[in-house]
Amino acid sequence: MFSAADHAYMARALRLAERGMLTATPNPRVGCLLERDGVVVGEGWHERAGGPHAEAHALAKAGARARGATAYVTLEPCSHQGRTPPCADALIAAGVARVVAAMGDPNPLVAGRGLARLRAAGIETACGLCEDAARELNIGFVSRMTRGRPWLRLKAAASLDGKTALNNGRSQWITGADARRDGHRWRARACALLTGIGTVKDDDPQLNVRDIETPRQPLKVVVDSRLDISLAARVLEGAPLLVATAREDADKAAALSERGAEVLYLPNSAGKVDLPALLTELGRRGINEIHAEAGCKLNGSLVAAGLVDEYLLYLAPCLIGHDALGLFGLPELGDLGERRMLQIQDLRQIGPDIRLLARPRVD
C-alpha cells in the first residue's frame with residue numbers, strides 16, 4: 001500500500017513534528033511535508049497553540065507548487081474551526097492530489113471527518129503509515145482525547161537494591177549528573193510536574209526544568225492532603241503551582257493564592273486527595289502528559305489507583321541497604337500471581353546508570 005518513498009517522506013514529517021515537542025501543548029505535535037514529482041516543495045510543523053498548523057506552514061512555503069502534490073501529515077488534518085481554520089479545507093483549496101496521514105485524529109471534533117472531507121473533494125487519501133511512531137509522539141494527547149485524562153509517566157531514581165532515599169529522607173544524589181540531565185529532558189516534554197508534600201518537605205525541590213534549554217516551564221502540581229505546604233517552599237517560585245488538597249482552609253488557601261498558587265479541593269472518602277479526580281481535572285485543563293517525581297507513598301498510591309501509564313526508572317550501580325526507603329509503598333502480596341507485570345519498552349545506559357522505560361503489561 002505504501003512505497004519506500006512514502007515511508008521516507010513520512011519519516012521526515014515525524015521529525016518535523018518532534019520540533020514542536022516542547023511548545024505545541026495542549027495541541028498535538030504535528031508535522032507536514034508536501035512532495036510533487038519527487039521534490040519536497042513545502043514542509044512545516046505545529047509550533048504552538050493558536051499558531052498556524054503544520055499543514056498551513058507547509059502550504060505557505062509551497063505556494064502554487066502545492067497543486068498536484070502529495071501531503072504527508074503525521075495526524076489527520078482537522079476539519080473544524082478552532083483558533084485556526086480547518087486544515088482539510090486549506091489542502092482542498094491548494095489543490096493537493098493526495099493526502100497520507102500517519103494516524104486518525106482521536107479528537108471527537110475530527111475523528112475521521114478530516115479525511116472524509118478530503119475524499120469528498122476528490123482527493124486520494126491513505127491513513128496508517130508509521131502509525132505507531134505517530135501515536136508515541138502524541139501519546140498524551142491521545143490519552144486525553146480517548147480517556148479524559150493525561151498520560152502519567154512516573155520517574156524514580158534508585159539503587160540496585162531498589163532504594164530511593166535514606167530513612168531520614170535524603171536522596172540527593174543517588175544517580176549521576178548524566179541521568180539527572182536526561183530526567184530533565186523528560187520533564188521538559190511534560191505539561192505538568194507532579195510530586196507529593198513529603199518530597200516538598202524532605203527535599204524542598206524547585207520542581208522545574210533545569211540543566212537543559214526549554215522555552216517554557218510545566219505546571220507544578222503538589223498533592224498535599226492536609227495543606228501542610230510551607231509558604232517559604234521553593235516550589236512556589238517560578239512556574240504556576242496547583243496544590244491539590246483534601247482539607248478546606250480558607251486562610252491558608254488565600255495565603256497561597258497571594259504567592260501565585262491555586263488550591264484545588266478534591267477529597268476522597270478516606271480524607272485523602274482523590275487522585276483519579278485530580279487527573280481528570282488536569283485533563284480538562286488541557287494537560288497531555290504528567291511527569292511524576294514523588295516519594296514511595298504517593299508512588300504507591302498512583303500505582304494502586306491504576307494511574308501510572310509509564311515507568312521511567314534510573315538505576316544506579318550502588319547498594320544502600322534494607323532499611324532505606326523503597327520505590328513504591330504498596331501492600332505485601334500474598335501470592336506472586338498478584339504481582340503487577342510490566343513490559344520493558346527501552347533499556348539503555350546513561351552515564352554510569354541504567355535507564356529503564358516500562359509500561360504495565362496488558363495480556
Side-chain angles (χ1 to χ4, degrees), residues 139-140 143-144 146-165 167 169 171 174-175 183 186-187 190-203 205 207 221-225 244-246 266-283 287-316 320 322 324-347 354-363:
I139 199 160
S143 175
R144 183 165 65 86
T146 59
R147 303 188 301 177
R149 67 174 178 86
W151 180 265
L152 192 148
R153 181 177 299 111
L154 191 155
K155 179 263 182 181
S159 60
L160 286 184
D161 51 348
K163 304 302 179 180
T164 62
N167 255 330
S171 61
I174 290 177
T175 52
W186 287 92
R187 280 188 182 189
C191 310
L193 306 179
L194 181 146
T195 195
I197 187 61
T199 299
V200 172
K201 287 181 174 180
D202 290 339
D203 297 341
L207 201 65
V221 182
V222 173
V223 176
D224 181 6
S225 293
T245 187
L266 286 174
N268 62 15
S269 59
K272 301 291 186 181
V273 172
D274 188 326
L275 295 174
L278 173 60
L279 263 63
T280 298
E281 174 60 21
L282 291 173
I287 300 297
N288 291 330
E289 293 185 22
I290 297 174
H291 180 98
E293 293 193 29
C296 64
K297 289 183 179 179
L298 181 53
N299 284 349
S301 296
L302 290 167
V303 173
L307 299 176
V308 179
D309 298 304
E310 191 165 58
Y311 297 83
L312 177 65
L313 304 179
Y314 295 87
L315 300 177
I320 295 181
H322 174 74
L325 300 180
L327 282 164
F328 307 105
L330 292 168
E332 183 179 1
L333 300 180
D335 188 279
L336 280 176
E338 300 171 359
R339 67 195 188 277
R340 292 174 170 84
M341 300 301 297
L342 304 179
Q343 178 70 47
I344 295 177
Q345 305 292 119
D346 184 75
L347 185 65
I354 296 296
R355 189 189 78 190
L356 183 150
L357 195 67
R359 293 176 183 172
R361 197 169 83 184
V362 180
D363 293 324

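Here the structure is a predicted model, which means the values were calculated and not measured.
- Closest of all the heavy-atom pairs between S225 and V273 is OG-N, 3.4 Å.
- Smallest separation of non-hydrogen atoms from N299 and A294: ND2-O, 3.4 Å.
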I would like to know whether T245 and L266 meet side chain to side chain contact (heavy atoms under 4.5 Å, CB included); could you show each step before the answer?
-> CA-CA 6 Å; T245 187; L266 286 174; over 6 Å; no

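- To the nearest 0.5 Å, atoms CG (L357) and NZ (K155) are separated by 13.5 Å.
- Under a 3.5 Å cut-off, the side chain of T199 and the backbone N or O of G295 do form a donor-acceptor pair.
- A donor-acceptor pair under 3.5 Å is absent between the side-chain atoms of D309 and the main chain of R153, judged by distance alone.
- Side-chain contact between L193 and I290 is absent, with no heavy atoms from C-beta onward closer than 4.5 Å.
- For the atom pair CZ of F328 and CG of L154, the computed distance is 5.5 Å after rounding to the nearest 0.5 Å.
- Put simply, CH2 on W151 and CD on E289 are 9.0 Å apart, with the number rounded to the nearest 0.5 Å.
- Annotation: side chain of R361 is not in contact with side chain of L342 (no heavy-atom distance under 4.5 Å).
- By the 4.0 Å N-to-carboxylate-O rule, R359 lies too far from D346 to be salt-bridged with it.
- Counting all heavy atoms, side chain and backbone alike, C296 lies closest to G326 at CB-O, 3.2 Å.
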Before giving the answer on side chain to side chain contact (heavy atoms under 4.5 Å, CB included), spell out for L333 and R339 the whole-Å C-alpha distance, their side-chain angles and the decisive distance to 0.1 Å.
-> CA-CA 7 Å; L333 300 180; R339 67 195 188 277; 3.9 Å; yes

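- Within the 4.5 Å cutoff, no side-chain heavy atoms of L327 are placed close to those of Y311.
- You'll find the side chain of L325 stays beyond 4.5 Å of the side chain of K163, heavy atoms only.
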Verdict with supporting geometry, I197 and V223, side chain to side chain contact (heavy atoms under 4.5 Å, CB included) | CA-CA 6 Å; I197 187 61; V223 176; over 6 Å; no

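- What you find for P150 and L279 is that their closest heavy atoms are CD-O, 3.1 Å.
- Formation of a donor-acceptor pair under 3.5 Å by the D203 side chain with backbone atoms of P205 is not found in this model.
- Between V221 and L278 there is a side-chain heavy-atom pair separated by less than 4.5 Å.
- Taking CG of L194 as the start and CG of L152 as the end, the distance is 6.5 Å to the nearest 0.5 Å.
- The shortest non-hydrogen separation linking T164 to A158 is CG2-CB, 4.1 Å.
- Listed here is the closest heavy atom pair of I287 and R144: O-CD, 3.4 Å.
- Of the possible polar contacts, one joining the T280 side chain to the P276 backbone as a donor-acceptor pair under 3.5 Å is found.
- Between D224 and K272, none of the side-chain N atoms (NZ, or NE/NH1/NH2) sits under 4.0 Å from a carboxylate O, so this pair counts as no salt bridge.
- Atom CG in L315 sits 6.5 Å away from atom CG in L356 (nearest 0.5 Å).
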Could you check V303 against R340 for side chain to side chain contact (heavy atoms under 4.5 Å, CB included), going step by step and ending with a plain yes or no?
-> CA-CA 9 Å; V303 173; R340 292 174 170 84; 3.5 Å; yes

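- H291 and E293 are linked by a side-chain donor-acceptor pair at a separation below 3.5 angstrom, with hydrogens and angles left out of the test.
- With rounding to the nearest 0.5 Å, the separation of CG in D161 from NE2 in H322 is 10.5 Å.
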